[in-house]
Amino acid sequence: MNLQQAQAAGQAGMQLSLLAALDRSPDFAEVAKTAILRHLRDNGATAGEDLVEVARAHGAHAKDDRAFGGIFHSLSRKNLIRCLRSDLPRKRGHGTSGGKLWALVV
């Protein structure tokens with residue numbers, strides 16, 4: 001698998017996870033986006049995994065937390081948030097790096 005194929009597979013997986021979350025909870029995306037944007041506004045730059053926990057605490061529940069990738073992608077594509085770093089140690093990645101630090105675009 002080359003890089004383009006891997007990226008396409010990642011995009012497809014992200015979309016499937018998001019669709020499954022929306023099927024389970026139609027307001028998932030709106031609740032998640034609102035919680036993430038509010039947290040970034042009130043607290044500044046925050047790790048993506050922490051933002052997922054914040055969104056879940058505010059009622060954005062998905063069967064698979066990978067559904068939040070579509071939320072981050074959408075907010076970033078709309079130029080509402082931006083990734084400051086992508087080399088943070090991950091909480092769930094068994095010590096791997098690749099965690100992202102997100103901030104509001106001002």
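In what follows, every heavy atom counts, from backbone to side chain, and hydrogens, waters and symmetry copies are set aside. Just so we're clear, the structure is a prediction, and the values are computed from it rather than from any experiment.
- For the salt bridge (charged side-chain N to carboxylate O under 4.0 Å, His left out) with Glu49, the lone residue among Arg90, Arg56, Arg66, Lys91 that qualifies is Arg90.
- A 4.5 Å side-chain heavy-atom check between Val105 and Leu80 finds every atom pair outside the cut-off.
- For Lys33, the NZ atom counts as densely surrounded, since its 6.0 Å shell holds more than 12 non-hydrogen atoms of other residues, nucleotides or ligands.
- Here the straight-line distance linking atom NE2 of His73 with atom CD1 of Ile71 works out to 11.5 Å at 0.5 Å rounding.
- From Leu104, atom CG reaches atom CG of Asp42 across 9.0 Å, with rounding to the nearest 0.5 Å.
- Counting heavy atoms from C-beta outward, Leu19 and Gln15 have side chains that approach closer than 4.5 Å.
- Across all non-hydrogen atoms, the minimal contact from Phe68 to Ala32 is CE2-CB, 3.9 Å.
- Remark: side-chain polar atoms of Ser25 are not paired, donor with acceptor, to backbone N or O of Ala21 under 3.5 angstrom.
- Residue Leu88 comes nearest to Ala47 through the heavy atom pair CD1-CB, 3.9 Å, listed as atom of the first residue, atom of the second, then distance.
- Within a 6.0 Å radius of CD in Gln4, no more than 12 heavy atoms belonging to other residues, nucleotides or ligands are found.
- No donor-acceptor pair closer than 3.5 Å links the side chain of Ser74 to the backbone N or O of Gly70.
- Shown are Leu84, Asp50, Thr46, Leu51; of these, the side chain to side chain contact (heavy atoms under 4.5 Å, CB included) with Trp102 is made only by Leu51.
- Listed here is the closest heavy atom pair of Ser17 and Asp64: OG-OD2, 4.4 Å.
- Between Ala55 and Ile36 the shortest heavy-atom distance is CB-CG1, 4.3 Å.
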